[in-house]
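Indexing begins at 1, ligand by ligand and atom by atom, following the structure's order. Hydrogens, waters and symmetry mates play no part in the numbers below; they use all other heavy atoms, side chains included.
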Amino acid sequence: MGHSGAAMKRMVAMNEITVDLYSDTQTRPTPGMREAIAQAPVGDEQRDEDPSVNRLCSMACELLGKEAAVFMPSGTMCNEIAILVHCRPGNEIISDRTAHIISSEGGGPAVFAGVLVHPLEGARGVYGAEQVEAAIREESRHTPRTTLISVEQTSNQGGGTVWPLAAIESVADVAGRYGIPMHMDGARLMNAVVASGVPARDFAKSFNSLWFDLSKGLGCPIGGVLAGSHEFIQQAWQWKQRMGGAMRQAGIVAAAGAYALENHVERLVEDHANARLLADRLATVPGVAVEPEAVETNIVFFDVKGTGLTAADVYQALLERGVRIGRMGPFRMRAVTHLDVDKADVETAADAVSTVVGSAG
Ligand SMILES: *Cc1c(COP(=O)(O)O)cnc(C)c1O
């Protein structure tokens, strides 16, 4: 009733998914997290009176070594508001061409801040200092002004690549010489921290603003925390208010974030090991192209062109076997490991890919 046939079919399929590698956004709150949510002291977050939100923001400041932080309903809002604070209409941001701010935020940088994004051709989402320097516009009446450099840690479309600290520092060096602020889209910053052993605050040091997502690998239902100087966060807060992102008893969700920072960070190593296992297993499937050595964190891209099937074919056939893996192009697929996926699930998924691809030939 009221559902189209296709929507209904999708819903039926959804209920039967047993291994969901579509994204690390697919996690459900654990019993411990639900308990933390139930116990959360709350107040009016717009008035800075929610103890759980305040606690989460202090934890983020401590973790990132920044003066101030603001809890946001989503990572997308963290990016968009940071861009609004750093830029004016007609300015230009430098980022990798695969960046989430380009591909997945509805053109937000153009819509809200009125800025252009200058895409660089990085290696798996990681670009170099020379590329940045070459992309910075010479000031003239013809050129947009370069006013922000954005780094995605880890690079999502790059395949979960960790930006090495040295690479960040060499980009920051150029930024410093030209007086251009740096922003980090740290949706998966904690994956980078766990994979590299570099503390979050060391990664954060070069950035004027940065945020991490709570609803990705950390396993929370929603939210992100944006951090920076007092001055930056004051301005970010005004945008949050303006855009209707200011909340009331938001401690109900912020409590999940604090719980995740205490309980779900170290376990990210399991997700990374599972992603590597999946890549190793997929590498043995005829016609599937994957580079296991390139898997540094929880994201595995693979190509099915050699199987004679399209990504859409494989997606559908896997879904019928209760396994969901994203398709990211005609032949490219993306599997993401997370809190709700264990080693056995990964083996199930790899076997399913093998079966689906094998029955094609
Ligand atoms: C998911 C993601 C975002 C957006 O976060 P939401 O909380 O889903 O809005 C931004 N950047 C990257 C790299 C992401 O993976």
*Asks:* Looking at Arg248 and Glu45, does any basic side-chain N land under 4.0 Å from a carboxylate oxygen?
*Replies:* no

*Asks:* Would you call Arg324 and Glu16 a salt bridge, using N to O less than 4.0 angstrom?
*Replies:* no

*Asks:* Can a donor-acceptor pair be found between the side chains of Gln157 and Arg97 at a distance below 3.5 Å?
*Replies:* no

*Asks:* Say whether Val253 and Leu226 are linked into one hydrophobic cluster, either directly or through other cluster members, by side-chain heavy-atom distances under 4.5 angstrom.
*Replies:* no

*Asks:* Go through the structure and list residues passing salt bridge (charged side-chain N to carboxylate O under 4.0 Å, His left out) with Glu262, not counting sequence neighbours.
*Replies:* Arg55

*Asks:* Distance under 4.0 Å, heavy atoms only, partner ligand 1: which residues pass?
*Replies:* Ser74, Gly75, Thr76, Asn79, His100, Glu105, Glu152, Asn156, Asp185, Ala187, Arg188, Trp211, Asp213, Ser215, Lys216

*Asks:* Ring centres of Tyr127 and Trp163 under 6.0 Å apart?
*Replies:* yes

